[in-house]
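Both backbone and side-chain heavy atoms feed into the values below; hydrogens, waters and symmetry mates do not. It should be emphasised that the depicted structure is a prediction, and the values quoted were computed from it without experimental measurement. Chain naming here is simple, since letters A, B, ... match the order of the sequence lines and numbering starts at 1 in each.
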Protein chains: 2
Amino acid sequence: MARKTEAKRVILEYIRKSEKAVSPAEIHHSHKELCDRVTVYRVLDRLVNEHKIHRIVNTDGVANYAACHSCSTMHQHDHLHFSCERCKSVTCLENDRVEFSVPNNYEVKEVFFTLSGLCPDCLNKS
Amino acid sequence: MARKTEAKRVILEYIRKSEKAVSPAEIHHSHKELCDRVTVYRVLDRLVNEHKIHRIVNTDGVANYAACHSCSTMHQHDHLHFSCERCKSVTCLENDRVEFSVPNNYEVKEVFFTLSGLCPDCLNKS
DNA sequence: TCTACATTTGCAAATGTGTTGCAATAATAA
DNA sequence: TTATTATTGCAACACATTTGCAAATGTAGA
Ligand SMILES: [Mn+2]
Ligand SMILES: [Mn+2]
Ligand SMILES: [Zn+2]
Ligand SMILES: [Zn+2]
């Protein structure tokens, strides 16, 4: 049975309050006293398994995590993600869905749709 | 000015002949005497900049590379990719295009559409 | 063909992300 | 309260990718 721990509570709260998806390194840097770096990874794994957050692999290969909004029994994330090439931020575009055809003979379990370029912040500054 | 080197020629040829996208590690393992591991990375970077190949980040964060077919002046890859969770293979589904709406206030430069699950080979064996 | 020189390479070392083993700690069911 | 077991910290590991620098090499121009 899953236990309530401070690390889990604080990390989930942090992810839920964040505008952007966050990386394990970001979480650890902003909560140095909370727990070890390894614990961050383990807490994130648990939260993903409990459908509280989802994992987005950035275009540079680094994992980022964002809150789930309607994934009670299974993950359902067919929305777009935006990866900024300048500030490296990852944003869920929850309202932008994507249409595609499932290829023959493949069993699709998850989908990852990511656009990259410049986010609104970086676009303003340029 | 870009130079013709053996490493570059052989690596490009290998990628073009491959059915699946290939990782730097795969390239190096199958061409041990060709060049150093670091050179593989550098050659791949150059080939991407010259629009000869494109980079696909697998769902496990590892980079894979596949040949470009019509990217003379800039990369244009709005096709689907499939990432097999069992054998880790990455396949370009060049014929499967994706429809999406460009979000407001974002400047989109590249798109990455990846499905994950089981590829035909692994589906057969299960 | 020869030469100058920028590009490319090898090697060693570093960085960064993520994982694993194990003993100590702490949440919670009973 | 106590027993059970999930969770944690720490050290060590695995692996992908990058960096610095000196040596090698491709090629434009003499
Ligand atoms: Mn999302
Ligand atoms: Mn492709
Ligand atoms: Zn940005
Ligand atoms: Zn497969």
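For D96(A) and S101(B), the side-chain atoms include at least one donor-acceptor pair closer than 3.5 Å. Judged by distance alone, the side chains of E110(A) and H75(A) never bring a donor and an acceptor atom under 3.5 Å apart. Judged purely by distance below 3.5 Å, without hydrogens or angles, the side chains of T114(A) and S83(A) never pair a donor atom with an acceptor atom.
When the nearest nucleotides of DNA chain D are assigned to E6(A) and E6(B) by heavy-atom distance, the more 5′-ward of the two goes with E6(A).
Distance, H31(A) NE2 to dG9(D) P: 14 Å, rounded to whole Å. Going from atom CE of M1(A) over to atom C1' of dA27(C) covers 9 Å, rounded to whole Å. In this structure, CD1 of I27(B) is placed 13 Å from P of dT9(C), rounded to the nearest angstrom. The separation between H28(A) atom NE2 and dT19(C) atom P is 15 Å, rounded to whole Å. Between E33(B) atom CD and dG10(C) atom P the separation is 12 Å, expressed in whole Å.
In this structure, F113(A) has its ring center no closer than 6.0 Å to that of F112(B).
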May I have the step-by-step check of side-chain contact (heavy atoms from CB on, under 4.5 Å) for Q76(A) and D78(A), ending in yes or no? CA-CA 6 Å; Q76(A) 176 95 23; D78(A) 52 353; 4.3 Å; yes

Test side-chain contact (heavy atoms from CB on, under 4.5 Å) on F82(B) and S116(B) and set out the steps. CA-CA 6 Å; F82(B) 193 92; S116(B) 80; 5.8 Å; no

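Within 4.0 Å (heavy atoms only), K8(B) reaches no atom of the nucleic acid at all.
Nearest heavy atoms, S23(B) versus V62(B): CB-CG1, 4.3 Å.
Ring geometry for H54(A) against H77(A) counts as parallel: the plane angle stays under 30°, on a 0 to 90° scale with 60° as the upper cut.
Within residues 36-60 of chain A, the residues approached by DNA chain C to less than 4.0 Å at the level of any non-hydrogen atom are R37(A), V38(A), Y41(A), R42(A), in residue-number order.
A sub-4.0 Å separation between OP1 or OP2 of dA16(D) and a side-chain N or O of S23(B) is absent.
Side-chain to base pairing of R3(B) with dT7(C): one donor and one acceptor N or O lie within less than 3.5 Å of each other.
With the end axes of the helix from dT1(C)-dA30(D) to dA30(C)-dT1(D) each set by five pairs, the angle from one to the other reads 40° at 10° resolution.
In the hydrophobic clustering of ILVMFWY residues, with side-chain heavy atoms under 4.5 Å counting as a link, L115(B) and L118(B) come out apart.
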